[in-house]
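Both backbone and side-chain heavy atoms feed into the values below; hydrogens, waters and symmetry mates do not. To find a chain, count down the sequence lines: A is the first, B the second, and so on, and within it residues start at 1. Predicted model only: the values in this text are computed from it and were never measured.
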Amino acid sequence: MASTADTAPILEMREIRKTFFTVKALTGVELTAWSGEIHALMGENGAGKSTLMKILSGAYRADVGGEIKLAGQPVTIDGPLAAKRLGIAVIYQELSLSPNLTVAENIHLGRELSKSGLIDRARMERDSAPVLERLGADFGPKTLVSDLSIAERQLVEIARAVHADARILVMDEPTTALSSRETDRLFSLVRQLKAEGMAIIYISHRMNEVYELADRVSVLRDGGYVGTLTRAELSAERLVKMMVGRDISGFYKKAQGEHHKTGALMLEVKDFADGRRVKNVSLTVRAGEVVALAGLVGSGRTELARLVFGADKRISGDLWLEGQRVELHSPSAALATGVAYLTEDRKAQGLFLDMSVHDNINLAVFGRDAGRGGVLDLGSAARRATTAIEVLKIRVAGPHVEVGTLSGGNQQKVLLSRLLETAPRVLLLDEPTRGVDIGAKSEIYRLIDELAARGVAILVISSELPEVVGISDRVVVMRDGIVAGELDGSAEAPITQEAIMELATGAKTTAAA
Amino acid sequence: MTEKPESAPASTAQKGPDSRARFQSVVRTVGMAPILILLCLLFEVLSIVNAVGSWSEAFNQVMNGHFWDVVISGRFASAQNLSIVAQQAAVNMVLAAGMTFVILTGGIDLSVGSILAAAAMVALIFSNIPDLWWLAIPMGVVTGLIFGVINGSLVAYLRLPPFIVTLGALTAVRGIARLIGDDKTVFNADLQFAVIGNGAVYGVPWLVIIAFAVILVSWFVLRRTVLGVHIYAVGGNEDAARLSGIKVPLVLLFVYGASGALAGLGAVMQAARLYAANGLQLGQSYELDAIAAVILGGTSFVGGIGSIWGTLIGALIIAVLSNGLVLIGISDIWQFIIKGLVIIGAVALDRYRLSSSART
Ligand SMILES: Nc1ncnc2c1ncn2[C@@H]1O[C@H](COP(=O)(O)OP(=O)(O)OP(=O)(O)O)[C@@H](O)[C@H]1O
Ligand SMILES: [Mg+2]
């Protein structure tokens with residue numbers, strides 16, 4: 001790492017503090033990164049990782065007293081522009097591209113090239129092409145960003161950073177929306193940038209990614225700095241202990257091969273199609289069963305779940321609940337029948353960021369609790385909110401705090417508790433542990449387990465293979481809008497990551513008959 | 001999983017923010033009240049100076065021990081004038097209450113002025129029919145409701161943009177208002193419900209009582225009913241609202257319907273004051289005052305954030321401005337200019353205050 005001629009690290013942050021009103025988000029954190037290093041930043045939800053990076057990128061200003069040095073020089077970062085000029089680029093979880101502009105325009109955003117006052121598109125395109133090529137993009141600079149997949153958009157953001165000669169690249173949970181193949185590509189790209197001498201700060205909750213990539217790992221806990229491990233010192237137990245402050249055992253609750261006790265058929269989806277992404281899907285989930293819906297991103301899993309939930313219209317197919325044919329024309333009808341859906345996109349489709357945790361948790365049941373008069377039952381709403389915060393260990397000062405100020409993982413828990421309040425019979429969970437730390441993850445797994453034990457039929461969409469293998473009784477694998485095959489855990493169709501990938505990529509078509 | 005000692009959900013050190021969050025919402029609610037008070041003081045002082053003659057004269061008199069004489073010579077803060085201000089604010093308050101519902105969902109209703117004109121015509125025409133005069137008030141409100149529901153249906157079910165729908169209605173309903181009375185002014189010198197516009201109970205004008213009742217009911221709907229939470233939710237995130245099982249079209253239908261019905265109520269109030277209605281002139285640009293009141297009240301134009309108390313204060317600010325400027329003898333050309341600037345300035349101040357205290 002320090003093998004380069006530089007004697008000072010490219011980035012040194014010391015005694016960084018940040019207080020929001022009375023919430024101490026950061027209490028004296030330090031971070032040192034060298035050029036040509038991949039430095040992972042880990043910690044539980046709400047530990048302060050994103051806040052630290054927002055200070056580095058000029059989105060927030062740190063409280064006075066801290067110090068930031070770049071290549072040995074003390075600097076003041078008083079805004080996003082200053083950070084950009086200093087060669088700091090950040091790729092947030094919510095990508096910050098303008099979808100209505102082309103790739104070249106996005107790469108040049110804020111630094112447009114012009115010729116005698118007019119925008120010089122041709123030169124911007126010529127200029128972006130080599131960068132895109134170097135990063136291995138298979139789309140051109142003239143492509144509209146709205147036509148790109150999430151992985152491709154991420155690549156555009158990276159291209160923007162490279163094009164701006166960034167020396168430090170921060171990636172905040174970059175793989176949460178990527179398939180495993182896209183993740184592999186991203187990793188080789190990150191390694192390439194590292195070889196070119198960039199310092200990369202990589203935030204992730206996924207242990208295996210950190211193992212694969214990181215040269216060093218720094219850990220935050222409760223807004224404080226816990227320590228930094230080098231690659232040689234890395235071990236899962238040690239990391240977890242640093243993050244959580246204690247040992248976690250029994251990560252995936254259900255031991256391999258052990259199944260939930262399942263009851264009668266609860267959910268039956270027959271020949272569903274929407275004329276676009278979903279071509280023909282049939283599947284069943286029994287009461288008390290956890291079925292994982294695996295497949296590559298874009299295979300139609302989310303679309304299928306939305307069809308079942310009545311959020312989108314299907315063109316064919318029947319839906320059966322407990323042996324009865326039902327028609328769910330809208331989410332409100334679905335919820336009333338006991339079918340609940342957790343969206344994969346919590347910010348855009350799930351949460352009301354300006355509303356309180358209390359309101360967000362109760363939103364789907366205000367009507368039920370109120371009864372005919374429509375007057376809010378504030379007592380039961382307050383009880384629900386307090387209980388949910390306790391049961392799911394949501395890290396928040398109180399129920400009246402706005403959801404928008406919570407860390408990502410805690411927002412996810414708020415959304416999850418809204419669903420659970422509706423007491424569903426069928427739960428459709430779309431990436432339920434996206435952006436959630438290991439502690440919370442194991443809590444969510446335990447919760448899934450408990451719900452299954454109470455007889456809820458659960459369909460989990462997940463792109464994390466260890467998770468799929470760990471929690472499910474049965475796996476249905478989708479590919480290109482159809483069911484590619486099913487793995488029931490029997491000797492002929494064991495639930496393994498390899499078997500799932502084979503089906504998902506089309507290497508093999510069917511497993512269990 | 002066992003206990004999780006180090007990251008307990010609500011550690012004592014963090015008790016603050018919850019009460020802080022509540023405090024914030026109070027601040028947001030009273031937001032513009034200081035500006036209202038400041039404006040009142042300003043107009044009172046200016047009206048005193050006006051009455052006495054000049055600043056130096058006023059100063060002399062105070063120095064000579066005539067302090068109280070000087071103070072009571074102010075005309076702005078007299079009971080009579082304040083009652084006039086409240087009456088002037090009343091109709092706008094009723095329209096602005098409806099507008100608050102609409103803007104909270106992220107929409108806009110540009111048609112309330114025209115709806116008010118049409119509903120006033122209908123009310124007066126009924127009041128002139130000997131056997132049906134008692135239908136005048138209900139028919140006025142129902143007329144407003146019908147137009148509102150039409151707006152709402154177009155927005156909710158045809159998914160047309162609210163700005164376009166109500167802009168169209170602004171023109172079309174104005175035409176209908178003129179059509180209703182054959183483009184003439186309708187009079188009724190013995191208007192049966194004139195007491196609404198001119199009478200008072202224990203000195204409090206009926207107009208003011210009605211306006212405050214509307215504000216109170218609106219508060220109840222917004223803050224104490226399921227519908228109210230759903231209105232905020234639709235404005236905050238429409239996609240999420242739908243996925244949480246909220247019937248978004250019904251919510252939209254309600255807010256536009258309510259805005260229309262309240263415009264109908266405003267029509268009855270206005271007609272009662274005037275004993276007459278004219279399809280062409282009545283309610284011209286009322287929508288702008290209503291929108292200004294809502295925005296002055298701190299309600300976000302994109303929806304999801306705001307309160308009815310803010311709207312109340314916003315409407316009072318506008319009424320105080322109009323009244324005060326007349327009182328101190330500013331020419332009406334300058335009244336327009338000053339009113340516009342105050343609205344922009346007040347909102348700018350508010351945003352600045354919020355952004356510097358709330359989010360960093
Ligand atoms: N704008 C804000 N206002 C108030 N509190 C905030 C704000 N932003 C962050 N916080 C608080 O600061 C703490 C740290 O949040 P941060 O987003 O940095 O966590 P994180 O480590 O990135 O977590 P995650 O893994 O869930 O993304 C949390 O307790 C959060 O509630
Ligand atoms: Mg974060």
Exercise. Looking at B/Phe254 versus B/Phe101, is the centre-to-centre ring distance below 6.0 Å?
Worked result: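 Ring centres of B/Phe101 and B/Phe254 closer than 6.0 Å.
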Exercise. Is the ring centre of A/Phe20 less than 6.0 Å from the ring centre of A/Tyr60?
Worked result: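 For A/Phe20 and A/Tyr60, the ring centres are under 6.0 Å apart.
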Is it true that [Y] and [X] share a donor-acceptor pair across their side chains at a distance under 3.5 Å?
X        : Y        : value
A/Tyr341 : A/Asp430 : yes
A/Ser380 : A/Asp369 : yes
A/Arg395 : A/Asn45  : no
B/Ser259 : B/Asp109 : yes

Please determine, among [options], the option with the most heavy-atom pairs under 4.5 Å with chain A.
options                                : answer
B/Ile246, B/Val226, B/Val221           : B/Val226
B/Ala240, B/Gly235, B/Gly236, B/Ser244 : B/Ala240
B/Asp239, B/Thr225, B/Leu227           : B/Thr225
B/Gly228, B/Ala233, B/Gly304           : B/Ala233

Chain B contact via [X] - which portion, at a heavy-atom distance below 4.5 Å:
X        : result
A/Ala47  : neither
A/Leu335 : side chain
A/Thr343 : side chain
A/Leu378 : side chain

Problem set entry | Donor-acceptor contact below 3.5 Å, side chain A/Arg418 vs main chain A/Asn360 |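 Between the backbone of A/Asn360 and the side chain of A/Arg418 there is a qualifying donor-acceptor contact (under 3.5 Å).
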For this session: Considering only heavy atoms and a distance below 4.5 Å, find which of A/Ala340, A/Ala348, A/Ala364, A/Ala334 pairs most often with chain B.
Result: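 Top count of heavy-atom pairs under 4.5 Å with chain B: A/Ala348.
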Exercise. Picking from A/Ala370, A/Ser356, A/Ala311, A/Gly46, which has the most non-hydrogen pairs under 4.5 angstrom with chain B?
Worked result: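 So the answer, after comparing A/Ala370, A/Ser356, A/Ala311, A/Gly46, is A/Ala311.
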